**Q** 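Pasting a structure here, questions to come.
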Amino acid sequence: MNTTRREFLRQGIGTSSVLACGNALPYFLAESAAAFDSADRPERILVVLELDGGNDGLNTVVPYNDDIYRKNRPKLQVPASDVLRIDDSVGFHPNLQSFANLLEAEELAIVQSVGYPNPSRSHFRSMSIWQTGDLDATRSTPGWLSHYVDAHSKPGQHDSVAMHVGDANLPQGLAGSNFQVPTATRLEQLTRRIGVPDDANPPQQLAALDRIIGQPRGPAAEDAAEEAGSHLRFLQQSASVSFASSARLREILLAARARAASYPGYGLAERLRMIAQLIKAELKTSIYYTSLGGFDTHGNQRFQHANLLTQLGASIRAFFADLHEAGLASRVLLLVFSEFGRRLRENAGAGTDHGTAGPVFLAGPAVRAGIHGPYPNLADLHDGDPKFAIDFRQVYATLLEEWLHFPQRQVLTHNFARLPILQS
Amino acid sequence: MSTARDMWEPFEPTAANPWDQRKVAHLHRRAGFGANWRQLHRDLEEGPAASIDRLLHPRLLTAEEESTHEGLRHGIESSPDREDRLQAYWFYRILFDPDPLREKIALFWHGHFATSNVKVRSEVLMLRQNELLRSHALGPFEELLRGILADSAMLVWLDGANSPKERPNENLAREFLELFTLGVGNYTEADIRAAARAFTGWVDDDRRPVGSSKTPHFDPSQFDDGEKAFLQKTGPWNADDIVDITLNQPAAAEFVCRKLYRMLVRDDKPPADEVIAPLAEELRAANFSFEHVVRIILQSRHFYSPEVYRKRIKGPVELSAGLLRELEVPRRDVGLVPLADACARQGQHVFYPPNVAGWIGGRHWITSTNLVERCNWLTDVIWGRQERKIRPFDPLQWADRHGIVAVDAIDALIDLLVQDDCSEEARTSIRETARQPDAVNLRKAIQLIVHCPEYQLA
């Protein structure tokens with residue numbers, strides 16, 4: 001990215017946040033006045049599922065007929081008799097029956113050999129790259145989805161354009177926007193305690209607390225270096241968003257709790273269930289982001305990876321079943337990616353170290369189902385790993401323009417050729 | 001360059017820029033977990049040099065304190081609720097040690113070497129690492145690094161003991177260079193492989209029964225003593241050599257100083273190279289003694305300038321333990337386990353950092369759920385919370401202990417908790433709430449003080 005563009009982004013964030021905070025009324029105070037327009041329910045929702053640690057693509061979409069694969073993985077290879085065949089070259093790991101089912105139902109697209117030039121094997125560097133679409137990204141570069149959030153958000157609106165569902169830090173993919181993206185997790189975390197005993201007027205204290213935390217600063221503080229405002233303003237605005245959004249989410253989740261939907265007992269399943277509930281509640285949110293960790297399998301990979309794939313498959317299956325039942329599946333597209341694949345050659349600890357290219361999955365009725373992109377060429381390696389064939393930014397370009405209807409040039413450094421992975 | 005050097009010169013109080021309450025509180029927030037009333041006034045009177053000196057050279061532990069620590073540590077080895085006791089031990093030290101700077105820096109190293117018990121699965125090994133970080137907190141760095149490369153928890157965490165001579169595991173070597181010492185761009189993949197070879201020799205103890213915690217030991221026959229080319233130096237390097245060669249790289253001092261700067265000075269924007277260069281020089285000249293560089297920072301003009309004041313967002317431990325220290329909440333009123341729990345819910349589960357890079361800090365501490373949790377904890381401390389056996393704070397008793405009459409209590413508490421930094425409207429609202437200074441109104445007023453956004457900033 002050239003410096004001018006980077007500077008523009010940095011300055012843009014600084015000045016906009018000042019303007020945004022000028023209107024930072026605590027949202028809940030405006031709640032009664034605002035009308036909720038259900039016609040605004042988003043037609044297209046993107047759910048991003050990040051697999052943290054570097055998913056071993058070669059054992060996920062297995063080149064079961066390839067001798068080079070077998071030779072390099074005496075312990076870790078998936079036997080040909082175990083794979084769930086997709087075609088004559090590749091098949092799923094046996095624990096991904098649900099992916100096989102989705103594929104059969106024409107709701108799964110597999111994009112093979114996805115990566116980028118000069119791959120980094122550092123988790124953080126590579127994850128930053130994937131999360132920003134910028135090969136020169138640092139931890140503070142704004143996320144690829146933040147531009148969309150900025151363009152579609154307005155101060156005072158109720159529902160955030162994007163939402164993070166999970167316990168970890170806000171992913172970089174959503175960070176860097178002027179509008180703080182809320183995080184929704186367990187119900188208790190969404191409940192504010194006031195503490196004041198019932199006979200000492202809690203509502204009055206609540207109002208006073210909200211005023212003080214969102215209070216515009218006096219003239220003395222405004223002067224104390226314009227920058228002094230930045231953390232303060234960020235906190236003020238965050239508080240308003242946080243409290244309003246927490247209250248609303250809590251309402252939704254409480255209301256939806258009664259309905260039974262059958263999800264397996266995994267953390268990921270619980271998060272996807274929450275996302276489904278929020279989609280069903282007609283929030284105007286159009287981007288949801290969650291993650292599944294544990295893929296950094298440097299040692300004793302077999303069971304851990306198999307386990308994770310089971311969780312992955314079963315959770316996604318339940319998610320789409322839920323959405324189909326509610327008649328909402330066609331509005332939802334799920335993207336599954338990881339920051340890199342793993343090395344072709346297994347290590348001595350029956351694990352694999354950081355690799356490079358790997359498969360990306362897209363799920364939902366809107367996909368053009370099947371295999372896209374070339375099979376990994378294990379005879380033509382770069383530093384021991386398969387070379388990438390499809391730049392991940394092509395996947396982003398496609399999703400931005402064809403799903404989110406957002407110009408890729410507002411996110412990426414130049415135009416990337418789109419892929420035929422979605423139905424027109 | 002002279003401007004950059006000036007900023008690190010010691011701060012000298014003048015009539016125009018005196019040593020005041022703000023600066024004292026600022027020092028204690030950064031170099032510890034906040035000052036209580038007595039400390040605030042004592043250090044205001046004694047001036048910067050004495051105050052900083054006391055932080056760097058606190059009194060020794062009494063025999064009773066040593067014995068309490070021993071008791072807490074022993075509980076970690078033998079009880080069924082080891083995990084709770086591990087957390088309780090550290091929070092006990094954070095709250096009650098005369099040495100808050102050491103605990104603060106140990107917490108920093110815990111984030112830097114980010115080892116999580118989720119994989120180590122041994123409270124005893126995590127405790128050992130914690131003691132290593134504590135004893136070596138202020139340097140020299142070489143000893144800390146050597147210690148961490150031989151630390152059992154670290155070896156389990158980064159597969160250092162799953163790394164035989166014939167096929168070394170790269171995990172520890174990679175993170176050593178990327179996260180602990182130099183940062184991306186200052187070494188090559190070949191250097192990682194060389195370091196991985198130099199780190200071999202550690203093996204899991206097979207004699208332990210299956211399922212119990214591993215304690216790696218060093219087996220010289222498993223060490224690859226061949227020639228390795230590391231950072232353009234060739235030799236039969238071992239782990240100690242790798243540490244030496246790495247610290248000789250100019251990038252090492254800069255990398256570590258940047259992290260120290262972020263932790264002690266400001267986390268809203270990264271410092272210019274010219275700001276870090278003099279610190280890095282000092283660190284090298286002092287043989288990587290952090291005590292030396294921390295002193296320079298804490299006594300500098302830059303540290304006390306308006307530019308860096310309130311420019312850090314308090315992490316959950318700072319915020320949650322900080323209020324308890326500032327208000328001198330008695331131990332019987334707030335348990336250590338609820339405190340540890342609250343920090344975990346706010347996003348900082350000690351002994352369980354989210355990944356090898358630790359906690360990012362700064363604005364990352366603020367998500368909508370974290371902010372709700374942060375405010376909930378502050379509310380719990382003030383009003384009590386029966387289900388977690390937290391007793392309400394007694395503001396009248398606090399005032400009494402410090403010889404403050406009830407009508408003056410709220411102004412004293414504003415000074416203690418936020419100094420002059422809340423807005424006029426806030427101050428008016430707070431004072432108005434405490435107009436009739438009974439316990440309930442004072443609690444409401446304190447709750448308002450800690451809900452000022454300034455209170456979330458260090």
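Throughout, a chain's letter reflects where its sequence line sits, starting with A, and its residues are numbered from 1. Just so it is clear, the model here is predicted, and its values are computed rather than measured.
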**Q** Show the atom names and distances, to 0.1 Å, of all donor-acceptor pairs under 3.5 Å that link a side chain in residues 195-209 of chain A to residues at least two apart or in another chain.
**A**
residue, atom, partner, partner atom, Å
A:Asn201, OD1, A:Gln204, N, 3.4
A:Gln205, NE2, B:Lys444, O, 3.1
A:Gln205, NE2, B:Gln447, OE1, 2.8

**Q** May I ask you to name which of B:Arg174, B:Arg443, B:Gln456 has the most heavy-atom pairs under 4.5 Å with chain A?
**A**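 The option with the most such pairs is B:Arg174.
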**Q** For B:Asn441, which atoms come within 4.5 Å of any heavy atom of chain A: side chain, backbone, both, or neither?
**A**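 The answer is neither part of B:Asn441.
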**Q** Would you please classify the geometry between the A:His298 ring and the A:His354 ring as parallel, tilted or perpendicular, with 30° and 60° separating the classes?
**A**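 Tilted: the ring planes of A:His354 and A:His298 meet at 30° to 60°.
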**Q** At a 4.5 Å cut-off on heavy atoms, which part of B:Leu158 comes close to chain A: side chain, backbone, both, or neither?
**A**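 Answer is neither: B:Leu158 stays 4.5 Å or more from chain A.
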**Q** Backbone N or O of B:Pro216 within a donor-acceptor pair of the B:Asp204 side chain at under 3.5 Å?
**A**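 Not at all, since once roles are kept as given, no pair shorter than 3.5 Å links the two residues.
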**Q** Between A:Asn347 and chain B, which part of the residue has a heavy atom less than 4.5 Å away: side chain, backbone, both or neither?
**A**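 Both parts, backbone and side chain.
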**Q** Give, as side chain, backbone, both or neither, the part of B:Ile382 having an atom under 4.5 angstrom from any heavy atom of chain A.
**A**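 Nothing of B:Ile382, per the 4.5 Å heavy-atom cut-off to chain A.
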**Q** Would you kindly say whether A:Ser122 and B:Glu178 are connected by a side-chain donor-acceptor distance under 3.5 Å?
**A** yes
**Q** What residues form a side-chain hydrogen bond (donor to acceptor under 3.5 Å, both in side chains) with B:Arg167, not counting sequence neighbours?
**A**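 side-chain hydrogen bond (donor to acceptor under 3.5 Å, both in side chains) check on B:Arg167 returns nothing, list empty.
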**Q** Would you call B:Arg266-B:Glu307 a salt bridge at under 4.0 Å N-O?
**A**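 Answer for the salt bridge query: yes.
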**Q** Which one of B:Thr433, B:Val118, B:Asp267 has the most heavy-atom pairs closer than 4.5 Å to chain A?
**A** B:Asp267
**Q** Side chain, backbone, both or neither: which part of B:Glu170 has a non-hydrogen atom closer than 4.5 Å to chain A?
**A**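 Both parts, heavy atoms under 4.5 Å.
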**Q** Side chain, backbone, both or neither: which part of A:Asp383 has a heavy atom under 4.5 Å from chain B?
**A**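 Just the side chain, heavy atoms under 4.5 Å.
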